[in-house]
Amino acid sequence: MRVAVIGGGRMGAGIAQIFLAKGDTVTVQEPQADAARRRIAEGLAIAESKGAARRDEALSRLTMAEVPPDAELVIEAVPEDAGLKAEVLAEAESTIDPGAVLATNTSSLSIAELAAALGRPERLIGLHFFNPVPVQRLVEIVVTESTPAGVLERAKECVEHVGKTSVVVNDSPGFATSRLGVLLGLEAIRMVEEGVASAEDIDTAMALGYGHPMGPLKLGDLVGLDVRLAIAEYLHARLGPRFEPPKLLRDKVAAGELGRKSGKGFYQW
């Protein structure tokens, strides 16, 4: 399969990696091309150490360039900025074949609103991968009222191709996973803010008591507290006060305590 990924950050690099590991040809469009290639190479090296495809062979099928016209699957994975996403999606649509699958990796933004910038809005579908992409088994497929059955089926085939499991969700703010995950994370932050328990104990309670792979506060640190705040603000505006961000979250983001990427959030990294 000929795959193109727009954006070479943590998510885009992870998406590129899993398709390369399956033998596909991948093009990544990213202004900071060298940094993106290093991320992908590092991920492939880790996978190779665990018995996956050889890094060098996989990298031979990677190109750092603009979306090619012959791409069969294009996945947008730029930051959660609706204007930026709409812009790059429209640019990609003008380049690729009408039969190619065009997808966005947004974790919360409306698919229909992003698609409004396209000549054929019905072709856009949500493919919400999870961080870290090579490890997480789920992909949330988000459809609108106008999504053709054929586009959905091809999206399901792409997810199955990379060994993931898909769930299908109708287009709504936060979809299913972000809506539930953010709500749990915000309540955990309120509990720290109110002195109910420490971040470590809240996370341990959810991991051991409910079987979560990790607690909501550590997960927030991994995702990025700035990302969590942006999604919460979007959901607050769309769905009401139950998604209002706690003051503690705003304070941490204002102080630059963003989680793992800054070295400190609710944990020291």
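Just so it is clear, the model here is predicted, and its values are computed rather than measured.
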task: Could you tell me the separation between the CG atom of L124 and the OG atom of S146, rounded to the nearest 0.5 Å?
output: 9.5 Å
field: Atom of R39, atom of A13 and distance for their closest heavy-atom approach
entry: CB-CB, 3.8 Å
message: Checking side-chain polar atoms at under 3.5 Å, does S262 have a donor or acceptor matched by the opposite partner on E257?
response: no
message: Using 30° and 60° as the class boundaries, would you call the ring planes of Y267 and W269 parallel, tilted or perpendicular?
response: perpendicular
message: Using only atom types and a distance under 3.5 Å, with no angle test, would you say the side chain of R2 pairs donor to acceptor with the backbone of T25?
response: no
- request: Quick one: pull up NZ in K218 and NE2 in H212 and give me the separation to the nearest 0.5 Å.
  value: 15.0 Å
task: Apply the side chain to side chain contact (heavy atoms under 4.5 Å, CB included) test between M214 and each candidate in T204, D203, L222; give the one that qualifies.
output: L222
message: How long is the straight-line distance from CZ of R179 back to CZ of R238, given to the nearest 0.5 Å?
response: 12.5 Å
task: Kindly write out the residues that satisfy side chain to side chain contact (heavy atoms under 4.5 Å, CB included) with R37, not counting sequence neighbours, or none if the list is empty.
output: L59, L62, M64
Check against side chain to side chain contact (heavy atoms under 4.5 Å, CB included), T106 and E80: CA-CA 7 Å; T106 181; E80 286 287 281; 3.0 Å; yes
field: From CG (L248) to CG (L186), nearest 0.5 Å
entry: 11.0 Å
message: With rounding to the nearest 0.5 angstrom, report the CD1 to CD distance, I6 to E30.
response: 11.0 Å
- request: Give, for atom CD of E153 and atom NZ of K156, the distance between the pair rounded to the nearest 0.5 Å.
  value: 4.5 Å
